Amino acid sequence: MKKLKLAGSCCVLSLAMAGAPATAETAPKDLVDGLNGIFGQHAGKRASHAKGICAAGEFKPAGEAARLSRAPHFAGDPVPVTIRFSMGGGNPAIPDKTNVTRGMAIRFTLPDESVADLVTISAPVFFARTPEEALQFLLVRKADPATGKPDAAKVAEFSKAHPETTLQGAWLKAHPVPNSYLTTPFYAVNAFKFTNDGGQSVFGRWYIEPAGGVVGLTEEEAESVSDDFLTEDLEKRLAAGAADFQVHVQIAGEGDPITDPTVEWPATRERVHVGTISVSKVTGQDCDGIMFNPLALPTGIEPSEDPILAIRPAVYAESLLRRQQK
Ligand code: HEM
């Protein structure tokens, strides 16, 4: 067994703030209003990642997992997973070739029937450092009623004052649009604290790697694919057999920011392979009613003090409430 590197004293934080419902400045409701202000409110749909498709499979832990965390699914038999693949943003009719982040939300059913969620996107960075910055990012993109479009000058001014909010867009631009949900890499972006049976803790970030490799759409394919090609592709590929993702945790090094999801950690950081997700079948819209909760965590995995992570459950609950009401 490899020796586990311990988080430096720089990175071990009090968890008192984790899970706080909101910062003093930003209410979860304001963030949902911000999303609805851009995309509209669509009956029964999520305020973000409105378009999606559900799938089922299993997670099998790797031998290395238990040295990282005592989470119940990091040892023993495989556990079932419910997955929702999605397109970023609140437009339920967004064409699948649009260059936005994709989502992969995973619910693990643990041996005692409790659940743990992992909610990831297809870029290694988020577009805001704090809930307040996320809100300003959304507000500045709301269409001007006079033109029906966001004010480009205001967006440019905001980007100049907040350069970290441009990094996700730049990353997406620099990478091809994926040709399948099953060839897309997914990242949890926020850091979590992993603690093993010996009480050793490290901060890490989940990285989910498609076993068949990362493959983008060619320009020619992009011209001919249907608006719903990602769902059609998923059905076709899984009809031919299960597809795997390798699940890793990237370990924070000295000086890596634990609470800032706009900063990518160096690719040279150790990655621990913690298991394999096998996606076996499409289950239509059967997970639509679920609220995947980034802070539904098992023993052995705790949140970092990232304020974006802390506000997410309350934002998602507000979105759930609205989609249940309409
Ligand atoms: C302040 C920051 C954020 C806001 C305002 C926000 C907002 C939302 C909302 C309103 C939903 C719909 C929830 C529901 O109705 O169940 C959602 C879903 C989602 N978010 Fe976020 N989010 C934020 C941060 C993040 C981050 C950092 C990630 C990166 C992993 C992320 C990934 C996702 C994914 C993948 C879904 C779809 C989950 C599903 O399929 O149910 N979000 N987000």
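All ligand and atom numbering here is 1-based and tracks the order in the structure. As the structure is a prediction and not an experimental result, all values here were calculated from the model.
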Would you call Asp96 and Lys51 a salt bridge, using N to O less than 4.0 angstrom? yes
Charged N to carboxylate O under 4.0 angstrom, Arg107 versus Asp117? yes
So His162 and Phe158, would you call those rings parallel, tilted or perpendicular, with 30° and 60° as cut-offs? parallel
Does any part of the side chain of Arg102, heavy atoms only, come nearer than 4.5 Å to the side chain of Pro178, both counted from C-beta? yes
Flag side-chain contact, heavy atom, 4.5 Å: Leu68 against Asn196: no
Identity and distance of the protein heavy atom lying nearest [atom]:
atom	result
atom 40 (O) of ligand 1	Arg84 NH1, 2.7 Å
atom 41 (O) of ligand 1	Arg46 NE, 2.7 Å
atom 16 (O) of ligand 1	Arg323 NH2, 2.7 Å
atom 15 (O) of ligand 1	Ser319 OG, 2.5 Å

Does at least one non-hydrogen atom of Ala188 fall below 4.0 angstrom from an atom of ligand 1? yes
Please say whether [X] places an N or O atom under 3.5 Å from an N or O atom belonging to ligand 1.
X	value
Thr120	no
Asn190	no
Tyr187	no

Show me the side-chain donor-acceptor pairs of residues 180-191 shorter than 3.5 Å, one per line, residues at least two apart or across chains.
| unit_1 | atom_1 | unit_2 | atom_2 | d |
| --- | --- | --- | --- | --- |
| Ser180 | OG | Leu182 | N | 2.9 |
| Ser180 | OG | Asp233 | OD1 | 2.6 |
| Ser180 | OG | Arg237 | NE | 3.3 |
| Thr183 | OG1 | Asn179 | OD1 | 2.8 |
| Thr183 | OG1 | Ser180 | N | 3.3 |
| Thr183 | OG1 | Ser180 | O | 3.1 |
| Thr183 | OG1 | Val215 | O | 3.2 |
| Thr184 | OG1 | Ser180 | O | 2.7 |
| Asn190 | OD1 | Arg312 | NH1 | 2.7 |
| Asn190 | ND2 | Asp306 | OD2 | 2.7 |

Just checking, any donor-acceptor pair under 3.5 angstrom between side chains of Ser226 and Asp228? no
Whether over 12 other heavy atoms sit under 6.0 Å from Lys142 NZ: no
Heavy atoms only: give me the nearest Leu309-Pro294 pair and the separation to one decimal. CD1-CB, 4.0 Å
So, is the end of the Arg141 side chain (NZ or CZ) under 6.0 Å from the ring centre of Phe137 and within 45° of the ring's axis? yes
Taking the minimum heavy-atom distance to atom 2 (C) of ligand 1, which of Phe186, Trp206, Phe126 ranks first? Phe126
Suppose the cut-off is 2.8 Å; how many protein N/O/S atoms fall inside it around atom 21 (Fe) of ligand 1? 1
Answer with yes or no after comparing the ring centroid distance for Phe126 and Trp171 against a 6.0 Å cut-off, counting only values under it. no
State the atoms of ligand 1, each with its element, that fall below the 4.0 Å cut-off from a heavy-atom position in Leu35. 7 (C), 10 (C)
